[in-house]
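Both ligands and their constituent atoms are indexed starting at 1 by order of listing. Every heavy atom of this structure was used, including side-chain atoms; hydrogens, water molecules and symmetry mates were not.
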Amino acid sequence: MPTQPTEAATGSTTVITFGTFDVFHVGHLRVIERAREFGDRLVVGVSADELNLRKKGRLPVFSQAERLEIVAALRAVDEVFVEESLELKRQYVLEHGAQVLVMGDDWAGRFDELGDICRVEYLPRTPAISTTALIEKIASTP
Ligand code: CTP
């Protein structure tokens with residue numbers, strides 16, 4: 001028995017992507033819109049506050065609940081969920097029945113091992129914008 005709906009069975013392609021999406025900016029919007037073009041349905045894993053604290057040593061500016069609300073409101077997004085751990089990608093792909101995993105190319109090569117269960121695509125980042133740079137710019141503006 002298949003553990004996830006196949007494209008043939010459902011007639012649609014589910015795409016999954018992940019991110020923190022803190023201080024939402026146009027680079028975030030573009031990667032989400034481009035991810036959606038790989039299929040008919042887009043699921044976004046928004047990283048948990050706790051995960052950010054663990055990995056970056058600080059909490060996001062906007063809470064997990066706020067970041068989920070913003071991403072869920074986008075026209076390109078069909079479903080959101082909380083990504084509790086970076087190491088659970090395989091589980092999330094299977095749980096959400098995704099046939100395509102899309103990541104920014106800052107992660108290039110890191111998820112190739114999931115090629116046995118889905119197509120893996122890395123998209124070029126939008127140049128010259130990031131949440132970290134925005135926070136630094138705002139903090140240093142007199
Ligand atoms: N992204 C992008 N172009 C940018 C910034 C982000 O395509 N200029 C993509 C990332 O590759 C990822 C998604 O947006 O697929 C979420 O990235 P995230 O890490 O939340 O955003 P950053 O702005 O990169 O945040 P930070 O500066 O804290 O790393």
(Q) Could you check whether atom 23 (O) of ligand 1 has a protein contact, counting only heavy atoms that fall below 4.0 angstrom? (A) yes
Can you tell me which residue and heavy atom of the protein come closest to [atom], and the distance to 0.1 Å?
| atom | answer |
| --- | --- |
| atom 29 (O) of ligand 1 | Lys56 NZ, 3.7 Å |
| atom 11 (O) of ligand 1 | Asp106 OD1, 2.8 Å |
| atom 27 (O) of ligand 1 | Thr132 OG1, 2.7 Å |
| atom 6 (C) of ligand 1 | Arg125 NH1, 3.5 Å |
| atom 3 (N) of ligand 1 | Thr126 N, 3.0 Å |
| atom 21 (O) of ligand 1 | His28 NE2, 2.9 Å |
| atom 15 (O) of ligand 1 | Gly104 N, 3.3 Å |
| atom 20 (O) of ligand 1 | Phe21 N, 2.9 Å |

Determine, for [X] against [Y], whether the closest basic-nitrogen to carboxylate-oxygen distance falls under 4.0 angstrom.
| X | Y | result |
| --- | --- | --- |
| Asp106 | Arg125 | yes |
| Arg90 | Asp116 | yes |
| Glu33 | Arg75 | no |

Q: Of the side chain and backbone of Arg30, name the one, both, or neither that has a heavy atom under 4.0 Å from an atom of ligand 1.
A: neither
Q.
Looking at Glu69, I want to see if its CD is surrounded by more than 12 non-hydrogen atoms of other residues, nucleotides or ligands under 6.0 Å.
A. no
Q.
As a quick check of understanding, evaluate ring pair (Phe, Tyr, Trp, His ring centres under 6.0 Å) for Phe81 and Tyr92, giving each step before the final call.
A. CA-CA 10 Å; Phe81 69 96; Tyr92 294 134; 5.0 Å; yes
Is the shortest N/O to N/O distance between [X] and ligand 1 below 3.5 Å?
| X | answer |
| --- | --- |
| Gly19 | no |
| Ile129 | yes |
| Arg58 | no |
| Thr131 | yes |

Q. Hey, would you say the Phe21 and Phe62 ring centroids sit under 6.0 Å apart?
A. no
**Q.** Nearest heavy atoms of Gln99 and Thr14, plus distance in Å
**A.** OE1-N, 2.7 Å
Q) Against heavy atoms of Thr20, which atoms of ligand 1 measure under 4.0 Å? A) 20 (O)
Q.
If you take the nearest heavy atom of each of Val44, Val31, Leu123, which one is closest to atom 14 (O) of ligand 1?
A. Val31
Q. Can you check whether Pro60's main-chain N or O pairs, donor with acceptor, with Asn52's side chain at less than 3.5 Å?
A. no
Q.
As a test of understanding, state which of Val15, Leu42, Val102 forms a side-chain contact (heavy atoms from CB on, under 4.5 Å) with Arg36.
A. Leu42
(Q) Count I, L, V, M, F, W, Y as connected when their side-chain heavy atoms are under 4.5 Å apart, and connections chain through other members. Are Leu74 and Val80 then in the same cluster? (A) yes
